[in-house]
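The structure appears right after this line, and notes come after that.
In this text, all values refer to a predicted model and were calculated from it rather than measured experimentally.
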Amino acid sequence: MPFKTRSIILALLLLSGLGITAAPRESAGAGNYWDLPPGLPPAEYGNLLINRLSGRNGEEPVTFSHWSHRRKYTCRVCHFELEFNMKVNTTEITEAANKAGRYCGACHDGKEHDGKVVFGHDKPNCDKCHNGNRAYGKEKFSELSPFPKTRFGNRIDWVKALETGLIKPVYEGTIKPAEITFDKTLSLEAEWFNIPPAVFPHKVHTRWLDCNNCHPDIFNIKKKTTKHFLMTRILNGEFCGVCHLNVAFPMDDCKRCHPGIKGN
């Protein structure tokens, strides 16, 4: 049996043993080999439904669009300064807290921010958030048409948009970041046969995030102590999967992390 054929059979057996099945998708990518979350239209990718309390209080879930907010603010502002957890429906947001200026209420207070009045928490504006519609506001997605493109997710290359100055999101609100710079690029060896290393560039991530967004809760900061760092766990929403399943570019794009991989 030719070596290439034996390699393919070995890979299929390995995937089968891990309980992973192929799930063909419209675009060629990791979805041909992994059971990835269902794909969403580009204008809905990164949009979340927040329903920790709304349903039980007789309200529609809150729709939150990442692509509409990340043009103006980095992830750090919300996920560090405003204390939103990285996982949806785990932050104890209440209407009282919002009206007191916390969480969404830090901006959505009916006052002017960056030269524009932002709608507040009053009756005429309720359905702008409490609508239960993941596609709410999709007509504004066309505003992103000049942005650099990618193949997956909402098809926007946000890193290039930032680097080319198409967007200039606010990095800090009232809390200045620590004067620590760390731009090391890590090479993470894959333990599977014929899979090239994953590359993790700190510099790209620290332009959006604070160090403590990832360390130590998502990744142990000590060298080689993040145990069981497996693709199966990432696809289950751990490690990189905290962001790179529903908000940041999805796992469909193998080459964004494994640049040496072939055939994607």
Side-chain angles (χ1 to χ4, degrees), residues 46-48 50 52-53 62-122 125 128-129 156-186 200-223 225-226 237-249:
N47 292 3
L48 305 177
I50 303 172
R52 193 180 66 87
L53 295 174
V62 170
T63 301
F64 179 82
S65 169
H66 273 89
W67 60 259
S68 68
H69 288 80
R70 72 188 300 181
R71 291 183 292 175
K72 301 176 182 179
Y73 300 97
T74 61
C75 314
R76 180 188 181 275
V77 172
C78 293
H79 290 290
F80 173 59
E81 294 195 34
L82 300 186
E83 299 182 316
F84 285 96
N85 294 336
M86 301 295 276
K87 187 175 181 180
V88 68
N89 291 322
T90 63
T91 306
E92 296 185 9
I93 308 168
T94 64
E95 189 68 5
N98 280 324
K99 288 183 176 180
R102 297 188 63 198
Y103 305 122
C104 310
C107 293
H108 287 283
D109 54 5
K111 299 177 182 179
E112 185 176 299
H113 295 268
D114 298 321
K116 182 179 179 181
V117 175
V118 181
F119 67 85
H121 286 263
D122 44 23
N125 295 311
K128 290 182 179 179
C129 294
I156 303 298
D157 191 327
W158 292 97
V159 173
K160 286 185 179 179
L162 182 64
E163 291 175 344
T164 56
L166 280 171
I167 56 173
K168 296 179 180 179
V170 174
Y171 188 76
E172 62 185 85
T174 59
I175 304 175
K176 289 189 174 295
E179 295 182 2
I180 299 174
T181 57
F182 189 74
D183 58 3
K184 184 177 182 180
T185 296
L186 304 180
F200 179 85
H202 274 87
K203 186 175 182 178
V204 170
H205 290 81
T206 55
R207 294 186 72 177
W208 293 97
L209 295 154
D210 198 89
C211 299
N212 66 14
N213 288 135
C214 297
H215 304 296
D217 291 343
I218 299 174
F219 295 95
N220 192 317
I221 200 168
K222 294 181 179 179
K223 188 176 181 181
T225 52
T226 297
E238 298 181 64
F239 306 124
C240 310
V242 170
C243 295
H244 288 284
L245 283 177
N246 304 304
V247 177
F249 69 81

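Looking only at side-chain heavy atoms (C-beta outward), C107 and Y73 come within less than 4.5 Å of each other. Under the 4.5 Å side-chain criterion, counting only non-hydrogen atoms from C-beta, R70 is not in contact with P169. Between T94 and R52, the closest side-chain pair of non-hydrogen atoms falls below 4.5 Å. With contacts defined as side-chain heavy-atom distances shorter than 4.5 Å, the pair F249/W158 does not qualify.
Taking NZ of K184 as the start and CZ of F182 as the end, the distance is 5.5 Å to the nearest 0.5 Å. Here the NE2-OG1 distance, from H69 to T74, works out to 13.0 Å after rounding to the nearest 0.5 Å. Rounding to the nearest 0.5 Å places NZ of K128 at 14.0 Å from OG1 of T63. Considering CG of D157 and CD of E163, their distance stands at 8.0 Å, rounded to 0.5 Å. Atom CZ of residue F80 and atom CG of residue N212 lie 5.0 Å apart, to the nearest 0.5 angstrom. The distance from atom OH of Y103 to atom NE2 of H108, rounded to the nearest 0.5 Å, is 16.0 Å.
For P201 against H205, the heavy-atom pair with the smallest separation is O-ND1, 2.9 Å. Residues V117 and G110 share a closest heavy-atom pair of CG1-O, 3.5 Å. Here the shortest heavy-atom pairing between C214 and L209 reads SG-CD1, 4.5 Å. Closest heavy-atom contact between H66 and N47: N-OD1, 4.0 Å. Residues R76 and Y171 come closest through the heavy atom pair NH1-O, 3.2 Å. Here the closest non-hydrogen pair linking F219 and C240 is CZ-N, 3.6 Å.
When atom types are taken as modelled, the side chain of E81 and the backbone of T174 share a donor-acceptor pair closer than 3.5 angstrom. The backbone N or O of K111 sits less than 3.5 Å from a side-chain atom of D109, completing a donor-acceptor pair. Counting only distance, with no hydrogens or angles, the side chain of N98 and the backbone of H121 share no donor-acceptor pair below 3.5 Å.
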Residue pair N246, K87: steps toward the side chain to side chain contact (heavy atoms under 4.5 Å, CB included) verdict: CA-CA 10 Å; N246 304 304; K87 187 175 181 180; over 6 Å; no

Side chain to side chain contact (heavy atoms under 4.5 Å, CB included) assessment of N213 paired with W208: CA-CA 10 Å; N213 288 135; W208 293 97; over 6 Å; no

Side chain to side chain donor-acceptor pair (under 3.5 Å) between D122 and N125, worked out: CA-CA 6 Å; D122 44 23; N125 295 311; 2.5 Å; yes

Criterion side chain to side chain contact (heavy atoms under 4.5 Å, CB included) on F84 and I93, from CA distance to verdict: CA-CA 9 Å; F84 285 96; I93 308 168; 3.5 Å; yes

Side chain to side chain contact (heavy atoms under 4.5 Å, CB included) between L162 and R207, worked out: CA-CA 9 Å; L162 182 64; R207 294 186 72 177; 3.8 Å; yes

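Within a 6.0 Å sphere centred on CD of E92, heavy atoms belonging to other residues, nucleotides or ligands number 12 at most.
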